Structures are given as structure tokens and as C-alpha cells.
There are 2 protein chains.
Amino acid sequence: MLEDTAQTLPIAKQNPLAVGGAAASAAASSLAVSTVIFALRPDEESHLKTLWLPLVRRTRDPHRDLWALPGGWLPAGEELAAAAGRTLRETTDLSPRYLEQLYTFGDIDRSPGLRVVSVVYWALVRSEVAERASVGDNVRWFAADQLPPLAFDHNRIVEYALWRLRTKVEYARIAHAFLGDTFTLAQLREVHEAVLQKALDPANFRRSIEASGNLISTDQHVAGARHRPARLYRYDDRANDHDPPGPAL
Amino acid sequence: MLEDTAQTLPIAKQNPLAVGGAAASAAASSLAVSTVIFALRPDEESHLKTLWLPLVRRTRDPHRDLWALPGGWLPAGEELAAAAGRTLRETTDLSPRYLEQLYTFGDIDRSPGLRVVSVVYWALVRSEVAERASVGDNVRWFAADQLPPLAFDHNRIVEYALWRLRTKVEYARIAHAFLGDTFTLAQLREVHEAVLQKALDPANFRRSIEASGNLISTDQHVAGARHRPARLYRYDDRANDHDPPGPAL
DNA sequence: TCAAAAGTGTTTGTCCTACACCCATGT
DNA sequence: ACATGGGTGTAGGACAAACACTTTTGA
């Protein structure tokens, strides 16, 4: 049901109605909402976790048969973020654990023919759930850094979303969005390492996370491994430092 | 010529054309571009420089006679940033020294009646030039932190733009946009102090700026004051650290 | 008892802050 | 001369990287 929503149908066309003043040359553009959805999945060979994202195959021109970001035209009665969340659910059967507006792309020539302005969101979903997520013929998960040529300017959009995710993980506490409600510090560190693509010192990672005061330690521990059981932590929802007094999330 | 462009004319209305699939409920929204324009002007009494921005008086409903951000409907053939720069010039007769996309505001109820999605940019213009900038009956400069109630959600937008400017000045080299081609470190520090609203140590400011390697020192000095002449610096255009590999500027 | 990861302690270096101090000019 | 801001030096604290070390489990 969703492949038709991926930037295929020009709904609003240029309005030739002449109105007075400087707005005479104004005309409507088609407004779309797309979402870059990130999940963490273990690589087939290396078993290291890497970033993956779902794409939808286009079934119409332009760019028929190319892969594209999930999205669609903005319905008149739907909020921007709600539209992003809806296409996310339609594509993956998942709910976003984190959702933020990324950027609005509106270059005149980014879509052949009709001028399309796309408000793009980026989202994080839980890794484990993403593994068994629905994947039809027209939806497939790709490794984020090994993408084929995508439709429109979507390669550039994913590049920017990746940059945003990687820079934001370093100062904002969003990595837990890839995990369950409780998690060990090793799991959280694994997420950071996968996103940043570099190893982190367990000792220093523990201290910096604890110092940021965003985690609540539970009394539960994870046994079963052949080493000392790790304590389970929970994310502290209160207090949103770093983030603006307006938008973002 | 510009007062009519400030979010008054609904060009594209909902398109009732029924099309198949999930896009059936899709409809066009009116797409506008607005700009938050910052300049640095000396306060009347305190003589300290503070942030000011130009607003336009609305001459139509909704929100007739309220002050609003400069902007207008996006013309079909104009790039987003170009539209922002154009409205800036139309409003102030100035050219933007810095221009960046801020956020896209699209709440359903942000404009009475028609659904309006606004792609908002923020810009910096030169202080001295802004002082003698054209100001008509329908354009007036306001102190950024003493705004009257504005039309639509524009108070919230300015709040966010202020937050963005203040956080970005701390790590990105944009303060020179308020100054001429050459400037002394004291002038640059004055800009930082005005934006951040706190005093900075001249010695440490000098070092941190020099360490960032964004300034080229000229051989010129500014004489005339009754102290040692200050060296003039020029901004180094090369190398854009901190900023994304895609958008932003 | 040993491997392995959890978790703690300590050293080292770097960066930022505060502030003492010298430099060069106009009055 | 001396006041004023330009410009340099430097000690102290905060913080992060690197790494040695102890703890607790399963095999």
C-alpha cells in the first residue's frame, strides 16, 4: 500500500491564477514528507552491528524501479511529524523510537518535471525488532554506507542524515532509541561504537555516560555470560539538555 | 512592494482530485518561505550592541496589523534559499552575509483557515549598513528580545532562531558576517559578547579564535584611538569544518 | 583455576579560565 | 607621564584518553 506514496503522484500543479502584487509569480509546489529510518543490524560476516535503513522500490516514473526513501505527499490534515511517523509504520511495521526533522530539500531540479519540496525527517527504530520486520518485494533493508544509486537526490539526503546521526550521538542521548527499555552499558557502548565506527574505552564510556546523568541504574543484572553479570540501566526521560526551546523532537 | 508577500495570499488550495492508492487523501498545502534577519545595533541608552530584526506589518487578514517575519509564497521557479535572500533584500535593501535554513514549520493550526507550511531561513546582515537601511511604514526594526506579539507562530520561530544563532556562534565562525571585510579582534569579540550576552576575556578570545585558524592577519592596523593600534584581520573562506557534507549554507 | 567482561583507580596530557604583565599609542 | 586598550605569558582546575588493576561470574 505504500509504494504509491513514494513521490510519484503530482497532486498540486502550478497554479496559473494571476494575483496582484509581488505574489503574482507565486505558485504552489508539491509538498512531500520523507523519512530516513535507521536501525542497527549485525553484518552477515563481521557480526559487527552496522547501520541499516529501509528503502522502497519505485513503481512509477520518474525513476521507476530505483530505490527511494519512504515517504509521500503531505495530507492536508496531517502534521509533518505525524506524516513521517505514519510512512515509517507503513514501511516497516515499526514505531519510531526517535523522530526529528532533518532538513527541507527543495532544489528546483531535484525531481524531473514537477517541482517537489520534501520535508525530510530522520528516525531511529529498535534493532532487534527491525530484524524480523516485514519486508516485501518493494521494501528492502540496505546497509547505510553501501547504498545503490537512489532516486532523486536521496543519496545526498541519506549522507546528510548519517552525518547528523553521527554528530548528534556524540553529545545527545539518543543511542538508547536503538535498544529496549533496559540495557547494559556494554550494549549502549556497542551502539555508540557502531554509529561512530570506532572502539570506545569501556571505562571512560561508563564515566562519561554516568556523568551526563541520563541513566537510572536498576537493581537487575544480566547473568548467563561467563563473566561478571552486567547491571541493567534504564533511560531517564526527564531533563532535555542540549536541545532547543522550540522544535527538535 | 513586499507587504503583500507576507503570508497573505493562499495560492494553492486543497486539491479535491481523487487519485488511487494511499495518496487519495493527499492534498497540496501552501508553501511559504520566511526569513529571520539578524543585525547588531547599538542600544539607545546602554550603547551596548544588541540583536535587532526587521518585521513587516501585515496589511491583510489573518492577523491584519500585526507584525510578522518577512516572507512570501514560494515561486515555482525559485530555489528556497534564493527566495529567502530575495525577501531579505526586498525588506531591508541589504544582502545576506550569512544565510542558512532554520526549520520548517507546518503545524496544521499555525495559520487560521488555510494550512501553511513555512520553510524558515535565518540570516545575518552587516550592522553598520543595517542602521541606515530603508525603513518604511510597513517595515520596522525591533530588538530581538523585546518583540511584541507577532502574527502566526512567529514569536516561537524567532525564539528558535535566537537559540540557533547563540549556540552556533559558540562553535562556528559566523560572527564575522556582522562585520566588514576586515575587522579587529576587539570588534569580533564585541559581536560575540553581544550575541552571547556575556563578557569574554580578550586574551582567551584571541587565542581561541587564532587556534581555530579561520582568520588571516593583515599588515594593516587601526590608528586614531588613544592606545596601541589594533591589527586588522580578514576572514578565511577556505575550510568549512563543523558543517555538514550536504546542506547548511 | 582460568578466561572474559564488569567495574574502579590513577596517571598523563590537553584545553579552558583567570589574571598578571608588558607594549604602543594619543592626550 | 599616564591612561587605555592591544597583545603575551603562565599558573591552576576541569576534563578526557590511556591503561593498570580488582571483581565476579561460567566453564
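Every heavy atom of this structure was used, including side-chain atoms; hydrogens, water molecules and symmetry mates were not. Bear in mind the structure is a predicted one, so any value in this text is a computation, not a measurement. Here is how names work: the chains are called A, B, and so on, in the same order as the sequence lines, proteins then strands, and each is numbered from 1.
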message: When the axes are fitted on five pairs at both termini, how much does the helix from C:dT1-D:dA27 to C:dT27-D:dA1 curve, in 10° steps?
response: 10°
query: Going by the angle between their ring planes, with limits at 30° and 60°, are A:His154 and A:Phe152 parallel, tilted or perpendicular?
result: tilted
- line: Those residues at least two apart in sequence (or on a different chain) that pass side chain to side chain contact (heavy atoms under 4.5 Å, CB included) with A:Ala225 are A:His227
- request: Mind calculating the distance between CD (A:Glu210) and P (C:dG9) to the nearest angstrom?
  value: 11 Å
- request: Give me the ring orientation class for A:His176 and A:Tyr235: parallel if the planes are under 30° apart, tilted from 30 to 60°, perpendicular past 60°.
  value: parallel
B:Pro148: partners by side chain to side chain contact (heavy atoms under 4.5 Å, CB included), with sequence neighbours left out: B:Trp67, B:Phe142, B:Leu150
- prompt: Mind checking what makes side-chain hydrogen bond (donor to acceptor under 3.5 Å, both in side chains) contact with A:Arg206, not counting sequence neighbours?
  reply: none
- request: Can you sort out the partners of A:Thr50 under side-chain hydrogen bond (donor to acceptor under 3.5 Å, both in side chains), two or more places apart, ordered by chain and number?
  value: A:Trp52
- prompt: So which of residues 216-233 of chain A are in contact with DNA chain C, with a heavy-atom cut-off of under 4.0 Å?
  reply: A:Arg226, A:His227, A:Arg228, A:Pro229, A:Ala230, A:Arg231
message: If the condition is side chain to side chain contact (heavy atoms under 4.5 Å, CB included), which residues does B:Leu66 pass it with, not counting sequence neighbours?
response: B:His63, B:Ala151
field: Partner set under salt bridge (charged side-chain N to carboxylate O under 4.0 Å, His left out) for B:Glu190, not counting sequence neighbours
entry: none
message: Of all nucleotides in DNA chain D that come within under 4.0 Å of a heavy atom of chain A, which is furthest toward the 5' end and which toward the 3' end?
response: D:dA17 to D:dG26
- prompt: Partners of B:Arg231 by side-chain hydrogen bond (donor to acceptor under 3.5 Å, both in side chains), sequence neighbours excluded?
  reply: none
field: Listed partners of A:Asn204 passing side-chain hydrogen bond (donor to acceptor under 3.5 Å, both in side chains), at least two apart
entry: A:Arg207
- request: Scan B:Thr87, B:Val158, B:Val56, B:Thr35 and name whichever one has a side chain to side chain contact (heavy atoms under 4.5 Å, CB included) with B:Leu69.
  value: B:Val158
statement: In numerical order, the residues of residues 194-208 of chain A whose heavy atoms come under 4.0 Å of DNA chain D are A:Asp201, A:Ala203, A:Asn204, A:Arg207
task: Identify whether the distance between the nearest side-chain nitrogen and carboxylate oxygen of A:Arg126 and A:Asp181 falls below 4.0 Å.
output: no
